[in-house]
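So the structure is just underneath, and the comments pick up after that.
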Amino acid sequence: MRTLWSAFAAARPTLAQLIVFSILNVGMTVLQLVLMPVFKLLFGMTSLVGTDFQAIPVGTGYVFDYAAGALPEGGGGLAYFLSVQVTLAIAQVVNFFAQRTITFKSNSDPWRAAGWYAVAYVVITFGAAALQSLYKAPIYDLFITTWGMGATGETIADVITMLINALISCAVFFPVFKIIFRQEEVPDAQAELAEEPATEKPAAPVS
């Protein structure tokens, strides 16, 4: 299997990277699905649920729009916002090292890659938050209120919103990773030694 995979990766490097990238993203999604309820429970026990968090106005709404109050009547408040962002931040830190080492086997400057990764993460976070303002409330309302599923419906809605976030990240991050996680050519040490001019030995003194 290893030989077959090596041959396939050599013949179709981008497709092989996409496959490994997708597998790791599934793992990151599972990690988020485990962490999200934990942070939601922890932050939900604080007064942050009753704290509005609305930032960056766009048109008649906000990019980050988390009205005070528990879902679905409210938007989860600052507690829900922190639950989502802390979960995503942890998953993306793990994802950075996994994708760099396993998928792309990059040997480029890790600090430069981390800087570009942080920029991409911020941009994607803003985009995902803007999209979430469109689908989050209807999803929670459907499962909790319309279908009357209560706490079970809230858990299902958590999973669906997290999966949507993961799909958005997956679609955007792969081309970004292809750019920032490069494999730079390392000069062959033996070739460098061969290119160095030979040092002439001093001639023996004539007696």
Side-chain angles (χ1 to χ4, degrees), residues 21-99 114 117-174 176-177:
F21 173 84
S22 300
I23 293 172
L24 288 176
N25 266 283
V26 170
M28 294 305 106
T29 302
V30 172
L31 176 62
Q32 292 178 62
L33 293 176
V34 172
L35 292 177
M36 177 67 179
V38 174
F39 287 116
K40 190 178 176 186
L41 176 64
L42 293 175
F43 286 116
M45 292 187 294
T46 70
S47 60
L48 297 176
V49 176
T51 304
D52 275 314
F53 184 79
Q54 296 171 322
I56 310 177
V58 176
T60 58
Y62 296 87
V63 172
F64 297 100
D65 189 2
Y66 296 85
L71 294 160
E73 291 80 9
L78 184 57
Y80 190 93
F81 170 78
L82 291 176
S83 301
V84 172
Q85 297 307 318
V86 172
T87 298
L88 288 175
I90 293 174
Q92 292 306 328
V93 168
V94 176
N95 195 39
F96 172 84
F97 291 103
Q99 299 289 3
Y117 184 87
V119 172
Y121 173 73
V122 170
V123 172
I124 292 170
T125 298
F126 277 72
L131 290 175
Q132 192 179 84
S133 66
L134 300 176
Y135 64 77
K136 186 185 79 171
I139 289 175
Y140 279 91
D141 186 62
L142 174 66
F143 284 95
I144 298 175
T145 305
T146 305
W147 289 355
M149 298 178 67
T152 302
E154 184 174 354
T155 301
I156 295 173
D158 284 342
V159 172
I160 292 175
T161 53
M162 191 58 63
L163 287 174
I164 294 173
N165 271 324
L167 288 172
I168 293 171
S169 296
C170 182
V172 177
F173 267 124
F174 183 74
V176 172
F177 284 167

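These numbers come from the heavy atoms of this one structure, side chains and all, not from hydrogens, waters or symmetry mates.
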Hits for side-chain contact (heavy atoms from CB on, under 4.5 Å) against V159, two or more places apart or cross-chain, chain-then-number order -> L33, L163
Nearest heavy-atom approach of A68 to D52 is N-OD1, 2.6 Å
Hits for side chain to side chain donor-acceptor pair (under 3.5 Å) against Q99, two or more places apart or cross-chain, chain-then-number order -> N95, T103
So the salt bridge (Lys or Arg N to Asp or Glu O under 4.0 Å) pairs with at least one residue in residues 159-173 (sequence neighbours excluded) are none
So CG of L48 and CZ of F43: to nearest 0.5 Å the spacing works out to 7.5 Å
Residues pairing under side-chain hydrogen bond (donor to acceptor under 3.5 Å, both in side chains) where one sits in residues 74-94, two or more places apart or in two chains, turn out to be Y80-Y140, Q92-Y117
Taken in chain and number order and not counting sequence neighbours, the residues that satisfy side-chain contact (heavy atoms from CB on, under 4.5 Å) with L41 are none
Run the side-chain contact (heavy atoms from CB on, under 4.5 Å) check on Q32 and L88 step by step: do they pass? CA-CA 7 Å; Q32 292 178 62; L88 288 175; 3.0 Å; yes
Interatomic distance, CE@M36 vs OG1@T155, rounded to 0.5 Å, equals 10.5 Å
Nearest heavy-atom approach of V34 to P37 is O-CD, 3.4 Å
The ring pair (Phe, Tyr, Trp, His ring centres under 6.0 Å) partners of F64 (sequence neighbours excluded) come to F81, F126
The reported gap from CD1 in I156 to OG1 in T161 (rounded to nearest 0.5 angstrom) is 12.0 Å
So CG of L31 and CG of L24: to nearest 0.5 Å the spacing works out to 12.0 Å
Residue set satisfying side-chain contact (heavy atoms from CB on, under 4.5 Å) with A120, at least two apart, ordered chain then number -> F173, V176
So salt bridge (Lys or Arg N to Asp or Glu O under 4.0 Å) across residues 143-161, not counting sequence neighbours, yields K40-E154, K40-D158
Quick note, salt bridge (Lys or Arg N to Asp or Glu O under 4.0 Å) partners involving residues 22-36, not counting sequence neighbours, are none
Side chain to side chain, M28 and V94, heavy atoms closer than 4.5 Å
yes
Those residues at least two apart in sequence (or on a different chain) that pass side-chain contact (heavy atoms from CB on, under 4.5 Å) with F97 are V93
Quick note, salt bridge (Lys or Arg N to Asp or Glu O under 4.0 Å) partners involving residues 120-139, not counting sequence neighbours, are none
The salt bridge (charged side-chain N to carboxylate O under 4.0 Å, His left out) partners of D65 (sequence neighbours excluded) come to none
What one should report as the nearest heavy-atom pair of A79 and G44 is CB-N, 4.4 Å
CG (L82) and OH (Y66) are apart, to the nearest 0.5 Å, by 9.5 Å
